Number of protein chains: 2
Amino acid sequence: MSTPTPKITPLVDPVARPGPVNNPCAACAIRDLSVCGALKPDEISRLNAIVVQKTVNAGATLFIEGDPADAHYIVLDGCIKLYKMLPDGRRQITGFLFRADFLGLAFRQRYAYGAEAVSTATLCRFPRERLEALLDEFPEMERRLLSISSSELASAQDQMLLLGRKTAAEKLASFLWLLSKRAALKETDWRRLDLPMMRSDIGDYLGLTIETVSRTFTQFKKSGLVSFTRPDAVQLDDIDALAELAGVEESWQPSTAM
Amino acid sequence: MSTPTPKITPLVDPVARPGPVNNPCAACAIRDLSVCGALKPDEISRLNAIVVQKTVNAGATLFIEGDPADAHYIVLDGCIKLYKMLPDGRRQITGFLFRADFLGLAFRQRYAYGAEAVSTATLCRFPRERLEALLDEFPEMERRLLSISSSELASAQDQMLLLGRKTAAEKLASFLWLLSKRAALKETDWRRLDLPMMRSDIGDYLGLTIETVSRTFTQFKKSGLVSFTRPDAVQLDDIDALAELAGVEESWQPSTAM
DNA sequence: ACGCAACGTTGATGCAGATCAATGTGTCGC
DNA sequence: GCGACACATTGATCTGCATCAACGTTGCGT
């Protein structure tokens with residue numbers, strides 16, 4: 001953890017009950033989060049004992065590359081971006097995290113990337129050594145973490161294909177398609193997407209400049225693929241054309257994590 | 001497993017003893033491979049029982065994207081490339097594997113990428129369900145796999161930075177630097193690198209064309225950064241300049257897996 | 001209401017790297 | 001030795017996206 005330390009709220013309500021996202025209860029959130037799989041009651045109560053919940057403002061830095069990796073997180077709400085930087089300031093965003101995504105799963109001494117809140121976000125924080133102790137107690141959790149890690153690796157490989165071999169239009173279509181799939185998983189309307197990140201974030205995620213992102217959006221609008229009410233809300237009007245552009249074939253399934 | 005099935009040699013020598021790489025003994029190789037960490041004797045004997053060793057020719061396909069993921073592998077010798085393809089044939093190589101590298105760690109139903117031998121290669125093959133049964137027996141192995149998986153994820157993120165934000169010269173310098181670090185780990189001469197892969201493989205790994213790879217090598221030669229005896233053997237004459245180009249800062253440590 | 005700052009869009013121009021094309025260079029089979 | 005093939009290099013030209021520059025839009029503090 002570096003820079004501005006956000007408010008840390010110890011978990012006070014250990015009772016697992018469904019709660020709305022805007023009043024998240026860490027324990028029940030953990031239980032409900034699909035990414036965690038079905039946790040057993042004793043696992044939940046133990047997780048509950050080690051978790052703290054925190055909320056960070058948009059733009060807040062959670063940690064930067066090279067910081068000691070002292071905690072893992074689950075995103076409860078909001079959007080987090082992960083990024084790597086070159087000495088001269090060029091930046092590559094390696095992923096956006098949303099509700100139910102894991103952060104800091106890399107079991108290494110130091111974080112290999114920085115993490116920053118795109119929008120105001122709420123997270124569960126697990127001190128590293130205590131989560132690892134918990135893993136000793138519940139070895140089956142380890143298998144699930146390995147599975148999550150595998151999914152992230154698959155996503156990373158998809159992203160390499162995108163960055164190395166796709167055109168600007170294909171990149172942007174892939175990005176929209178990915179966001180759409182995630183929205184569908186969360187049972188929100190997959191046709192109507194929020195874009196909490198700004199154009200420079202999208203550009204740095206896709207290996208493009210903000211101007212190219214903007215121009216490509218305009219091109220999509222003119223072709224009837226998408227429409228905008230506000231710059232941060234896009235409607236996908238022709239999902240098939242977008243999927244085609246993205247290089248998605250019928251048989252393909254999207255990697256679950258972004 | 002798809003296409004040309006290579007010779008599969010059941011392991012006949014269960015005695016763990018040091019052996020030369022050109023006459024690999026799967027069990028002792030597993031024990032020696034640093035990536036596995038220190039395996040305990042009973043783990044080795046059990047691994048020994050489920051492993052089969054196989055040798056594939058250069059250019060042979062191990063599996064393609066979408067094949068059922070029915071096995072894991074450890075590379076004992078040679079070089080394997082992993083790749084993803086777009087419908088129109090554009091290709092992105094997501095990694096090269098060398099001795100001691102794991103292959104197929106993704107615990108998913110189907111392989112998310114294809115794998116092909118760059119040079120003649122020898123591998124240990126672990127049927128998926130039997131390795132998973134073994135993991136139940138030795139939960140500590142799972143932690144090590146998670147650690148390996150984390151390293152691969154970190155490498156993938158490095159590669160995203162490379163593909164999205166580096167110039168051709170920086171990409172090629174990063175590639176050489178990475179190979180050099182790997183050679184140093186293996187205690188071979190890190191100044192003198194074999195390039196078993198051809199230019200089109202390097203190009204598809206770095207998101208470049210073969211022409212750009214070739215021109216950049218020429219530029220490096222003219223600047224005194226590298227020299228060639230054969231096209232597949234490069235000598236790094238100015239490792240500092242290469243590291244500088246690659247964007248490697250003093251404090252950085254290379255991610256262990258490529 | 002105003003000014004200012006942050007973000008997004010649009011236009012003009014430049015260039016890194018792709019593409020197209022030809023020419024080395026090494027290796028293998030005969 | 002010699003052709004044939006695969007791979008690498010070099011050159012000429014093209015182009016997709018970056019860069020440079022201006023303007024539009026929104027929201028916020030005073």
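What you see is a predicted model, and the numbers here were worked out from it, not measured in a lab. Labels below follow one simple rule: chain letters A, B, ... track the order of the sequence lines, proteins then strands, and each chain is numbered from 1.
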Colleague: Is the shortest side-chain N to carboxylate O distance from B:K166 to B:D158 below 4.0 Å?
Modeller: no

Colleague: Of the nucleotides C:dG17, C:dT10, D:dA18, which one has an atom closest to the side chain of A:T212?
Modeller: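 The listed nucleotide nearest to A:T212's side chain is D:dA18.
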
Colleague: Tell me yes or no: between the side chains of B:T167 and A:R90, is some donor less than 3.5 Å from an acceptor?
Modeller: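 There is no such pair between these side chains.
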
Colleague: Please tell me which of the listed nucleotides, D:dT10, D:dT9, D:dA18, lies nearest to the side chain of B:R199?
Modeller: D:dT9

Colleague: Just so I know, are the side chains of B:L242 and B:F220 near enough to count as touching, which here means a heavy-atom distance under 4.5 Å?
Modeller: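 Yes; the side chains approach each other to less than 4.5 Å.
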
Colleague: How bent is the helix from C:dA1-D:dT30 to C:dC30-D:dG1, comparing axes over its five end pairs at each side, to the nearest 10°?
Modeller: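 If I round to tens, the end axes sit 40° apart.
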
Colleague: Let's see if you can work this out: which of C:dG17, D:dT9, C:dT19 has an atom nearest to the side-chain heavy atoms of B:R215?
Modeller: C:dT19

Colleague: What nucleotide, of C:dG11, D:dA8, C:dT19, holds the atom closest to the side chain of A:E211?
Modeller: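 Between C:dG11, D:dA8, C:dT19, the one nearest the side chain of A:E211 would be C:dG11.
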
Colleague: Just to be sure I understand the rule, does B:R230 reach a base, reach only the sugar-phosphate, or reach nothing, if contact means heavy atoms closer than 4.0 Å?
Modeller: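 Here B:R230 touches no strand at all.
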
Colleague: When you measure from the side chain of B:A168, which nucleotide among C:dG17, D:dC17, C:dA18 comes out closest?
Modeller: C:dG17

Colleague: Using a cut-off of 6.0 Å, state whether more than 12 heavy atoms not belonging to A:R192 lie near its atom CZ.
Modeller: yes

Colleague: What contact category does A:G207 fall into here, base, sugar-phosphate, or nothing, at under 4.0 angstrom with non-hydrogen atoms?
Modeller: sugar-phosphate

